Every structure is written in structure tokens, then in C-alpha cells.
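Below: the structure, in C-alpha cells.
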There are 2 protein chains.
Amino acid sequence: MGDATLNEWETKNELASKRIQELLRILSKSKMLHVIYVFGTIKDGLRFSEIKKSSQTDSTTLTRRLSELEDIGIIERKELSKNSTAVEYHVTNSFDIVKPILNSLLHYGLKEKN
Amino acid sequence: MGDATLNEWETKNELASKRIQELLRILSKSKMLHVIYVFGTIKDGLRFSEIKKSSQTDSTTLTRRLSELEDIGIIERKELSKNSTAVEYHVTNSFDIVKPILNSLLHYGLKEKN
DNA sequence: CAGTATCCTTGAAGATACTG
DNA sequence: CAGTATCTTCAAGGATACTG
């Protein structure tokens, strides 16, 4: 952690702190990592039922997680056609910004304690 | 995110998932980032009162955050001498493992939406 | 100085049941 | 298929007061 960058964060950019806090709050929710990893690994353009199955999340929780990811602009919800129930979820460009964080977390997770 | 690594995480290493989840839960707690940044920026070997002042955290919350960081082995608490109230907090080697995550988060925070 | 104890309120999780 | 609604439970936060 470079001092300049941190000064920037701490004193100049209070907004950054808010965004980071918010992202952490959202990432730490139950099943969130599982849901994100489905987007990262399987493919783009996923159906609700596919995500549900792959992430092993129930409808209620999955709905919550998806709308939270939508809120911070990491995924997009698209109805495939009018008057149909078909829906697809896509990742956005912002998903790439989050990837390094997930990779770092992965390394942390796989590393043995000391 | 490479597929191999993810397979490893998802199917082989359930423990990693637990550790990541736990780390996220802890990092997302209130004032946690502020506390960690104090350790990252100021120096090693900090007094309770220094951390309290720099992070702008009240005693109750700071005590909670410090013991959580201690629990996951990121910092260590050292009493400076017997029968004194002086205490110092130090970062451990594990602190380095967390740094990349903090840097990634920082980049996310400083980046504009889209 | 470095905390602890207590209370109160809010927010998230998980289960179950229901729907156009 | 893709959700919504409701309810109960439990964890976390913040404020205030107290202590060796």
C-alpha cells in the first residue's frame, strides 16, 4: 500500500471509501461469492435457474443477490422477449474491475496460515 | 479468473471458501478499513489510543475490530511490560497477504463508474 | 491508558408458502 | 420459469456508563 495512494483515499476521496465499504458489504453477503463465481466460470448470459442450480442458492436469496449485483452495476438483467418469463443475466464491464479482488481473495483462501 | 483455480476452489477446497467468506465478513465491518489503513500507513507497533485517534473509532468498536483482526492472525497484541496498562499492536506476516486485496479494493474505489 | 458492560435498534439470513 | 411475500431468528452497530 503506497502512502500517496492512501493519502488520496483517506483525505481527498471520501467517496472511494464509501464505494469500497459498500462493495465489501455486498461481497460478504451469503452466497454472493458462489453467485459471482458462476458468472466468472460458466459463461455469459445466464438464466435464473442455471445460477440457482450452480450456486446452490434458494430463490429468495438468489433474487436478493442478483438485485444487489445489478444495483452496483456488475451485472445486467435482460428480458429475452416481451410477454415471456425468460430472463438472462449478463456481466458488465464493471465485472472486470472486481475480478482482481476475487483473485486476491482466492489466493488468500488457498494460502495456508503461516 | 482461471478455470483451473476456480475448480480447485469450488470442488477441492471448501476450506478456502470458508476462509474467504470469513475474511470478507470481517473486512466489511464498520471502521475495519479505517483501522487496517492505520496499520498500513502509519507504522508498526501502535498503541490503542493512536489507532483510536487515527481511525476515529470509539473504544467499544475498536476493541471489537482489533480482536477480530487478532483472531484471524493479521495483527498481534503485546503487553509492553508486566503490571502496566501499556499495550502495542503489531502486524504479522499475514498482513502482507491481505495487502493485495486492499490495493484491489482501492483501485475499485478510485475508479469511476463505467 | 486500555479497555468492559449493558441496552437498544436495525438489518440480514433462512424457511415456507404462494404466483403470473 | 422466475420470482414475491411473510415470518422468525440472530448478528452487528452505536450510545452510554463504568473500571483497574
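Reckoned from all heavy atoms, side chains included, excluding hydrogens, waters and symmetry mates. Chain letters run A, B, ... following the sequence lines, proteins first, then strands; residues in each count from 1. Owing to the predicted nature of the structure, the values given are computational and were not obtained by experimental measurement.
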Summary of salt bridge (Lys or Arg N to Asp or Glu O under 4.0 Å) pairs that have at least one residue in residues 49-62 of chain A, sequence neighbours excluded: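 Found A/K43-A/E50.
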Residue list, side-chain contact (heavy atoms from CB on, under 4.5 Å) with [X], at least two apart or on another chain:
X: A/S30; result: A/T61, A/R65
X: A/T63; result: A/F48
X: B/K78; result: B/E76, B/H90
X: B/S49; result: B/R47

To the nearest 0.5 Å, what is the distance between CG on B/L69 and CD1 on B/I26?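 Between atom CG of B/L69 and atom CD1 of B/I26 there are 7.5 Å.
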Residue-level proximity of residues 44-53 of chain B to DNA chain C when a heavy atom falls under 4.0 Å: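 Only B/R47, B/F48, B/S49 qualify.
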Please examine the side chains of A/H34 and A/V38, heavy atoms only from C-beta on, and report whether any two atoms are closer than 4.5 Å.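 Not touching, per the 4.5 Å side-chain cut-off.
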Do A/E68 and A/M32 come close enough that some side-chain heavy atom pair is under 4.5 Å?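 Yes, close enough: below the 4.5 Å cut-off.
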Side chain to side chain donor-acceptor pair (under 3.5 Å) with [X]: which residues, sequence neighbours excluded?
X: A/E79; result: A/R77
X: A/S104; result: none
X: A/S55; result: A/T57

Can you check nucleotides 9-15 of chain C for protein contacts, nitrogen or oxygen pairs under 3.5 Å, and list what you find?
unit_1: C/dA12; atom_1: OP1; unit_2: A/R25; atom_2: NH2; d: 3.4
unit_1: C/dA12; atom_1: O5'; unit_2: A/K29; atom_2: NZ; d: 3.2
unit_1: C/dA13; atom_1: OP1; unit_2: A/S30; atom_2: N; d: 2.8
unit_1: C/dA13; atom_1: OP2; unit_2: A/R65; atom_2: NH1; d: 3.4
unit_1: C/dA13; atom_1: OP2; unit_2: A/R65; atom_2: NH2; d: 2.7
unit_1: C/dG14; atom_1: OP2; unit_2: A/S30; atom_2: OG; d: 2.9
unit_1: C/dG14; atom_1: N7; unit_2: A/R64; atom_2: NH2; d: 2.8

So where does chain A start and stop touching DNA chain D, 5' to 3', when the test is distance under 4.0 Å to a non-hydrogen atom?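 Both ends considered, the range comes out as D/dC1 to D/dA5.
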Whether the side chain of A/K31 engages the backbone of A/Q56 through a donor-acceptor N/O pair (distance < 3.5 Å, no angle test) should be reported.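 Looks like yes, one N/O pair under 3.5 Å.
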According to the Watson-Crick and G-U wobble definition with distances under 3.5 Å, which dot-bracket string, read 5' to 3', encodes DNA chain C, using [ ] for crossing pairs and | for pairs with another strand? ||||||||||||||||||||
